[in-house]
Amino acid sequence: MVGIDAGLDSLFTLSSGEKIANPRHERRDRAALARAQRNLARKVKGSANRARSRVKVARVHARIADRRRDHLHKLTTRLVRENQTIVIEDLTVRNMVANHSLARAISDAGWRQFRTMLGYKADWYGRDLVVVDRWFPSSKLCSVCGALAEHMPLTVRSWTCRCGRTHDRDVNAARNILAEGLSVIACGGAVRPQRESSSRTGRSSVKQENPRATKGAPSFRAGRKSSWPRRSANRPARTAAAVAAHRLSTSHAPGAYNADPS
């Protein structure tokens, strides 16, 4: 079993204490990419030289993407082969790249691609992949006594709990992620008492379904459909008398409403 904490100084930190270095593929080719893009900007639009320069820029981007993909493939294959249960966080990379100071480094890390690879490889090998809630305070929670720190800025890389235990920020977060994932498997994620007070939303640690996927979808009772036509913008609201008259006119039971007074 392993818990995985994603980062930038170390690409991933495992609950066993192992730290996987961040290769920073884009930074290694940043000078070559900038040089190729400058040459492309000098070329006349529509010319053959510009077409050749575009190919050179594309080759640099492809080399960066290939190295990143190769590294993630080797890493995810090793993790899946060595562990039966893998626990990760539900990171919102789309929101995290809004921070312009970290957007380039986060995009280069490939966290989303890492999670996708773990997902289908876990299915291949019959492993359990658990995703804990994004609001779970893995960095601020002591993995020994369970005490919750009030403030934990990103500049703090190690801290000492009130119980006297000194934690490495990333290793402590990975251990907390593993413990939370195991509680989800065993008891449905309602074991740790700190989660309700520390979570912003008070939700369970299990990943929730996106409400936008089913928002606005019509819901009908099985076997029944309303015969009343949909209300248009120019049609007045239905009154109680109109609803009663409609039900009587569409009824097929014996002794139904007859419009003939005789």
Side-chain angles (χ1 to χ4, degrees), residues 1-25 27 68 70-91 93 96 102 105-106 108-119 121-122 125-187 189 191-195 198 205 207:
M1 300 176 294
V2 66
I4 304 175
D5 178 66
L8 295 178
D9 292 338
S10 298
L11 184 60
F12 297 104
T13 302
L14 308 184
S15 56
S16 59
E18 178 185 357
K19 291 189 176 183
I20 299 171
N22 190 354
R24 305 181 188 275
H25 303 287
R27 179 178 293 185
R68 182 187 300 116
D70 178 72
H71 180 261
L72 293 179
H73 268 301
K74 293 177 180 178
L75 176 59
T76 52
T77 300
R78 179 175 74 88
L79 291 174
V80 170
R81 286 180 175 176
E82 295 178 355
N83 301 278
Q84 179 63 39
T85 302
I86 303 173
V87 188
I88 59 176
E89 284 184 300
D90 181 25
L91 299 176
V93 180
M96 297 174 71
L102 301 176
I106 292 174
D108 189 28
W111 292 339
R112 182 64 190 180
Q113 192 174 13
F114 172 79
R115 175 175 171 177
T116 302
M117 291 180 181
L118 271 183
K121 290 182 181 181
Y125 288 84
R127 304 299 194 248
D128 297 326
L129 179 63
V130 183
V131 182
V132 301
D133 185 17
R134 68 188 63 171
W135 301 118
F136 175 67
S138 58
S139 298
K140 299 191 296 183
L141 195 65
C142 178
S143 58
V144 177
C145 66
L148 183 65
E150 295 182 359
H151 302 287
M152 191 67 62
L154 291 175
T155 55
V156 177
R157 307 315 304 172
S158 63
W159 57 285
T160 302
C161 180
R162 67 188 71 171
C163 66
R165 185 67 176 269
T166 301
H167 297 288
D168 181 275
R169 179 192 181 102
D170 299 331
V171 176
N172 177 70
R175 291 173 179 170
N176 285 326
I177 291 171
L178 175 60
E180 184 71 9
L182 295 180
S183 69
V184 170
I185 295 175
C187 304
V191 177
R192 305 177 73 91
Q194 292 86 2
R195 179 172 55 253
S198 59
S205 58
K207 182 183 176 183

**Student:** Side chains of Asp5 and Thr13: any donor to acceptor distance under 3.5 Å?
**Tutor:** no

**Student:** Side chains of Val87 and Val2: does their closest heavy-atom pair fall under 4.5 Å?
**Tutor:** no

**Student:** Let me confirm one number: the CG-CD distance from Leu79 to Glu18, rounded to the nearest 0.5 Å.
**Tutor:** 8.0 Å

**Student:** Look up atom CZ in Arg169 and atom OG1 in Thr155, then write down how far apart they are to the nearest 0.5 Å.
**Tutor:** 8.0 Å

**Student:** Under the side-chain hydrogen bond (donor to acceptor under 3.5 Å, both in side chains) rule, collect the residues that match up with Asp168, sequence neighbours excluded.
**Tutor:** Lys19

**Student:** If you define the side chain from C-beta out and look only at heavy atoms, does anything of His73 sit under 4.5 Å from Lys121?
**Tutor:** yes

**Student:** Look at atom CE of Met152 and say whether more than 12 heavy atoms of other residues, nucleotides or ligands are closer to it than 6.0 Å.
**Tutor:** yes

**Student:** Could you measure the distance from the CG atom of Leu118 to the CG atom of Leu129? Nearest 0.5 Å is fine.
**Tutor:** 6.0 Å

**Student:** Say whether, by atom type as modelled, one donor and one acceptor occur between the side chain of Arg127 and the main chain of Tyr125 under 3.5 angstrom.
**Tutor:** yes

**Student:** Donor-acceptor pair, Arg24 side chain versus Leu8 backbone, under 3.5 Å?
**Tutor:** yes

**Student:** State, with a plain yes or no, whether a side-chain heavy atom of Lys74 is found less than 4.5 Å away from one of Thr77.
**Tutor:** no

**Student:** Heavy-atom distance under 4.5 Å between the side chains of Leu148 and Pro137, does that happen here?
**Tutor:** yes

**Student:** Check whether any side-chain heavy atom of Arg112 lies under 4.5 Å from a side-chain heavy atom of Arg115, and answer yes or no.
**Tutor:** yes

**Student:** If I take atom OG from residue Ser139 and atom CD1 from residue Ile177, how far apart are they, to the nearest 0.5 angstrom?
**Tutor:** 7.5 Å

**Student:** Any donor and acceptor pair, going by atom type alone, linking the side chain of Arg157 with main-chain N or O of Leu154 inside 3.5 Å?
**Tutor:** yes

